[in-house]
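The chain is numbered in sequence order, starting from 1.
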Amino acid sequence: MTPMNRRTLFKAGIVTGAAALAAPHLAGAQTGSGLTFCLVHGAWHGGWAWEPTVQVLRAQGHRATAPSLPGMGDRRADASGEITLADHTQAIADHLFMQDLTDVILVAHSYAGCVLSDLLGQGEDRIAHAVYFDALVPGDGQSLSTFVPEEVRKGMQGAAAAGKLHPVRPKETWEGLWGLMGTLADFAEPRMSSQSAKTFVDPVRGDPFGRQMPRTFIKAAHNPNPLFKKIREDMAARDDFTVVDINGHHDVMAIDGQLTADTLVSVAG
């Protein structure tokens, strides 16, 4: 495929999966007026994981950005065991400001639910709609480690105290955990990054649910992890959340950009 043909396919929103993940990322690009999305990746991933979805959203006329959190993705050169949840939160707040993004639909995947809750707890007013995408939904004082077994939590706390990085899950577990397989798993493997253990144990600061605003929890139907099933049940019981199911696995944003984009537009409309 020539470079020109490749760009044409990306512009048309046709390329998904591993091919779209390899597309150049133009932060903030859009092809017309529409909704504004900021898509935040989960643990060990990077902005690249959202690229298939970004391409489709932009082709549909929406503004979409997918920044990498400090120490991961295209920012992994800055990796350090001293990076905190507050650093991740500040990075997204800075991104929203520098890109002058307002009325933002902020979509947080997995671990990034901690970042979204912390942003809201800190009063970030550029966010108009909070979307927890198969994500943790921590409240004030909770962290990722709140949701794991005690033995795992103690390990995370010890690693955080020692300023260590938490290694990426083994590739052979990805199909069951995230749905990544075949060429897509091969593409993702060298782009995964170890992550500061501090980000897993740092608590959310402030009440993320104090402000009245649209909140959505999207559950990936093919994700067998009982934790996310439990979170779905908890959010469905709340009056301040809308719950939606997507017919995909945990990393559906990297697997099927069209389905993910269509789902996000439908819940945001």
Mind checking whether [X] and [Y] have side chains closer than 4.5 Å, heavy atoms only?
X: Leu35; Y: Ile105; answer: yes
X: Leu69; Y: Arg75; answer: no
X: Val243; Y: Arg232; answer: yes
X: Pro67; Y: Ile92; answer: yes
X: His109; Y: His41; answer: no
X: His249; Y: Leu177; answer: no
X: Val152; Y: Pro149; answer: yes
X: Val107; Y: Met253; answer: no

Pairs where residues 209-232 contributes a residue and the test ring-ring contact (aromatic ring centres under 6.0 Å, His included) is met, not counting sequence neighbours
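For residues 209-232: Phe228-His250.
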Give the C-alpha distance, both sets of side-chain angles, the deciding distance and a yes or no for side-chain contact (heavy atoms from CB on, under 4.5 Å) between Lys219 and Asp134.
CA-CA 5 Å; Lys219 172 67 175 68; Asp134 218 34; 3.3 Å; yes
Got a sec, which residues hit side-chain hydrogen bond (donor to acceptor under 3.5 Å, both in side chains) with [X], two or more places apart in sequence or on another chain?
X: His88; value: Tyr111
X: His45; value: Asp251
X: Thr89; value: Asp118

Between atom [atom1] of [X] and atom [atom2] of [Y], what is the distance when rounded to the nearest 0.5 Å?
X: Ile127; Y: Leu120; atom1: CD1; atom2: CG; value: 4.5 Å
X: Ile218; Y: Asp245; atom1: CD1; atom2: CG; value: 9.5 Å
X: Leu116; Y: Tyr132; atom1: CG; atom2: OH; value: 4.0 Å
X: Met156; Y: Thr199; atom1: CE; atom2: OG1; value: 9.0 Å

Can you name the nearest heavy-atom pair linking [X] to [Y], along with the distance?
X: Leu180; Y: Ala188; result: CD1-CB, 4.1 Å
X: Thr84; Y: Asp87; result: N-OD2, 2.9 Å
X: Cys38; Y: His95; result: SG-CD2, 4.0 Å
X: Pro208; Y: Arg215; result: O-NH2, 2.9 Å
X: Leu85; Y: Pro203; result: CD2-O, 3.8 Å
X: Ser196; Y: Ile83; result: OG-O, 2.6 Å

Verify, without hydrogens or angle tests, whether [X] (side chain) and [Y] (backbone) share a donor-acceptor contact under 3.5 angstrom.
X: Gln122; Y: Arg205; result: yes
X: Arg58; Y: Ala64; result: yes
X: Thr173; Y: Pro170; result: yes
X: Ser68; Y: Gly46; result: no
X: Glu189; Y: Asp186; result: no

Transitively linked via ILVMFWY side-chain contacts under 4.5 Å: [X] with [Y]?
X: Val148; Y: Ile231; result: yes
X: Val168; Y: Met72; result: yes
X: Leu227; Y: Trp174; result: yes

Excluding sequence neighbours, so at least two apart, what forms salt bridge (Lys or Arg N to Asp or Glu O under 4.0 Å) with [X]?
X: Asp78; value: none
X: Asp240; value: Arg238
X: Lys154; value: Glu150
X: Arg126; value: Asp100

Give the intermediate values and the outcome of side-chain contact (heavy atoms from CB on, under 4.5 Å) for residues Thr146 and Ser143.
CA-CA 5 Å; Thr146 302; Ser143 66; 3.5 Å; yes
Do Thr36 and Asp103 pair up side chain to side chain, a donor and an acceptor below 3.5 Å, judged on atom types alone?
no
Residue pair Phe133, Leu264: steps toward the side-chain contact (heavy atoms from CB on, under 4.5 Å) verdict:
CA-CA 9 Å; Phe133 195 104; Leu264 292 177; 4.0 Å; yes
Using the side-chain hydrogen bond (donor to acceptor under 3.5 Å, both in side chains) rule, collect all pairs that involve residues 259-269, keeping only residues at least two apart or in two chains.
Gln60-Asp262, Gln258-Asp262
Does Gln212 have more than 12 heavy atoms from other residues, nucleotides or ligands lying within 6.0 Å of its CD?
no
Could you tell me whether Met213 atom CE has more than 12 heavy atoms of other residues or ligands within 6.0 Å of it?
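Enclosed.
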Evaluate His62 against Val265 for side-chain contact (heavy atoms from CB on, under 4.5 Å), listing each step before the verdict.
CA-CA 9 Å; His62 306 295; Val265 171; 3.6 Å; yes
Nonpolar side-chain network containing Met98, other nodes, edges under 4.5 Å
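Its cluster partners, ordered by chain and number, are Phe97.
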Residues which pass ring pair (Phe, Tyr, Trp, His ring centres under 6.0 Å) with Trp44, listed by chain and number, not counting sequence neighbours:
His166, Phe200
With sequence neighbours excluded, what pairs up with Phe147 under the ring pair (Phe, Tyr, Trp, His ring centres under 6.0 Å) test?
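Residues passing ring pair (Phe, Tyr, Trp, His ring centres under 6.0 Å) with Phe147: none at all.
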Testing Leu57, Thr65, Leu106, Val131 for side chain to side chain contact (heavy atoms under 4.5 Å, CB included) with Phe37, which one passes?
Leu57
